[in-house]
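Here the structure is a predicted model, which means the values were calculated and not measured.
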Amino acid sequence: QLQLVESGGGLVQPGGSLRLSCAASGFTFDSYTIGWFRQAPGKEREGVSCISSSGGRTNYTDSVKGRFTISRDNAKNTVYLQMNSLKPEDTAVYYCAADYLLGVQTMCVMSHPERPGALDAWGQGTLVTVSS
C-alpha cells in the first residue's frame with residue numbers, strides 16, 4: 001500500500017527557512033513522480049513543486065521560484081522541500097503526493113489534484129505557519 005508521511009512543518013518568522021520531508025513506503029519509490037502541494041485556508045490546493053522519478057526534472061510554481069528547492073534521495077525513499085525566504089503568504093498545509101504516470105509539469109499544474117483518483121497517493125499534510 002502506497003504511504004507518504006510528511007514532516008518538518010512548524011512556525012517560522014518571515015525570512016526564515018524550513019525543510020519539509022516526505023517519506024515513502026509500500027511502493028517502488030524511484031518509479032514515481034513526487035509533488036509538493038499546499039492549501040491555505042479558504043483557497044484551492046495548488047502545486048508548489050514536483051520532481052521526476054530520477055530527480056532529473058523539476059517544476060516550480062512562479063511564486064516560489066528562487067526560494068524553494070525540491071530534491072529526492074531514492075536510496076532513502078524521501079523527497080525534500082527546502083523553503084527559504086519564507087513569506088506570510090506561504091502559510092498553508094503542505095502535502096506530498098505521488099503518481100506513476102504523470103510528468104512533473106502535468107502533475108504540478110493540475111486543478112483540484114485532491115479529486116479521488118487524480119493522483120496515486122497523498123500524505124496527511126504538515127502545517128507551515130509564517131508569522132512574526
Side-chain angles (χ1 to χ4, degrees):
Q1 183 177 355
L2 282 70
Q3 186 171 12
L4 300 169
V5 178
E6 302 95 334
S7 61
L11 174 64
V12 62
Q13 292 187 342
S17 297
L18 282 175
R19 189 177 81 154
L20 304 184
S21 298
C22 171
S25 62
F27 62 103
T28 309
F29 180 73
D30 60 6
S31 294
Y32 283 70
T33 301
I34 304 294
W36 284 100
F37 296 78
R38 66 186 179 187
Q39 189 163 17
K43 294 190 176 181
E44 294 184 357
R45 193 170 299 189
E46 64 170 348
V48 175
S49 183
C50 298
I51 189 166
S52 64
S53 56
S54 68
R57 294 185 301 280
T58 59
N59 181 278
Y60 297 91
T61 191
D62 286 346
S63 63
V64 307
K65 285 180 181 176
R67 300 189 298 122
F68 290 11
T69 303
I70 192 170
S71 62
R72 67 189 294 162
D73 185 340
N74 284 346
K76 295 183 178 180
N77 284 7
T78 302
V79 169
Y80 306 97
L81 186 67
Q82 178 67 43
M83 305 187 295
N84 298 329
S85 302
L86 283 161
K87 305 175 180 180
E89 51 264 42
D90 294 317
T91 295
V93 177
Y94 284 71
Y95 301 88
C96 64
D99 199 85
Y100 181 74
L101 293 177
L102 296 179
V104 293
Q105 188 167 359
T106 302
M107 187 176 187
C108 259
V109 301
M110 180 181 290
S111 297
H112 301 290
E114 70 279 9
R115 290 170 290 124
L119 298 175
D120 292 336
W122 286 93
Q124 82 289 349
T126 187
L127 177 63
V128 172
T129 303
V130 184
S131 175
S132 55

Interatomic distance, [X] atom [atom1] to [Y] atom [atom2] [nearest 0.5 angstrom]:
X      : Y      : atom1 : atom2 : answer
Ser17  : Asn84  : OG    : CG    : 3.5 Å
Cys96  : Gln124 : SG    : CD    : 7.5 Å
Asn74  : Ser53  : CG    : OG    : 7.5 Å
Ser111 : Glu46  : OG    : CD    : 11.0 Å
Leu81  : Arg19  : CG    : CZ    : 10.5 Å
Cys22  : Ile51  : SG    : CD1   : 11.5 Å

Centroid separation Trp122 to Phe37 less than 6.0 Å: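 For Trp122 and Phe37, the ring centres are under 6.0 Å apart.
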Sub-4.5 Å side-chain heavy-atom contact between [X] and [Y]:
X      : Y      : value
Ser131 : Pro88  : no
Asp90  : Met83  : no
Thr91  : Glu89  : no
Lys87  : Arg67  : yes
Gln13  : Val130 : no
Arg45  : Arg38  : no
Leu18  : Leu86  : yes
Thr69  : Tyr60  : yes

Contacts of Glu6 that satisfy salt bridge (Lys or Arg N to Asp or Glu O under 4.0 Å) - sequence neighbours left out: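 Listed in chain order: nothing, the list is empty.
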Gln105/Arg57 under side-chain contact (heavy atoms from CB on, under 4.5 Å): CA gap, chis, key distance, verdict: CA-CA 9 Å; Gln105 188 167 359; Arg57 294 185 301 280; over 6 Å; no
side-chain contact (heavy atoms from CB on, under 4.5 Å) evaluation trace for Gln39 with Tyr95: CA-CA 8 Å; Gln39 189 163 17; Tyr95 301 88; 4.3 Å; yes
If I compare all heavy atoms of [X] with all of [Y], which pair ends up nearest, and what's the gap?
X      : Y      : answer
Ala118 : Met110 : CB-SD, 3.9 Å
Leu119 : Ala97  : CD1-CB, 3.7 Å
Leu4   : Ala121 : CD1-O, 3.7 Å

Asp73 side chain to Thr78 side chain, donor-acceptor N/O pair below 3.5 angstrom: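 No, no side-chain donor-acceptor contact under 3.5 Å.
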Geometric cation-pi criterion, Arg72 with Tyr80: 6.0 Å, 45°: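 Geometry flag: not set, cation outside 6.0 Å or 45°.
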If two hydrophobic side chains count as joined below 4.5 Å and joins carry through other members, does [X] share a cluster with [Y]?
X      : Y      : result
Val5   : Val93  : no
Leu101 : Leu2   : yes
Trp36  : Val12  : yes
Val79  : Val128 : yes
Tyr94  : Ile70  : yes

Side-chain donor-acceptor pairs of residues 25-34 under 3.5 Å, sequence neighbours excluded:
from  : atom 1 : to     : atom 2 : distance (Å)
Thr33 : OG1    : Leu102 : O      : 2.7

side-chain contact (heavy atoms from CB on, under 4.5 Å) assessment of Val48 paired with Phe68: CA-CA 9 Å; Val48 175; Phe68 290 11; 3.8 Å; yes
Ionic contact status for Asp62 with Lys65, cut-off 4.0 Å: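 Salt bridge present between Lys65 and Asp62.
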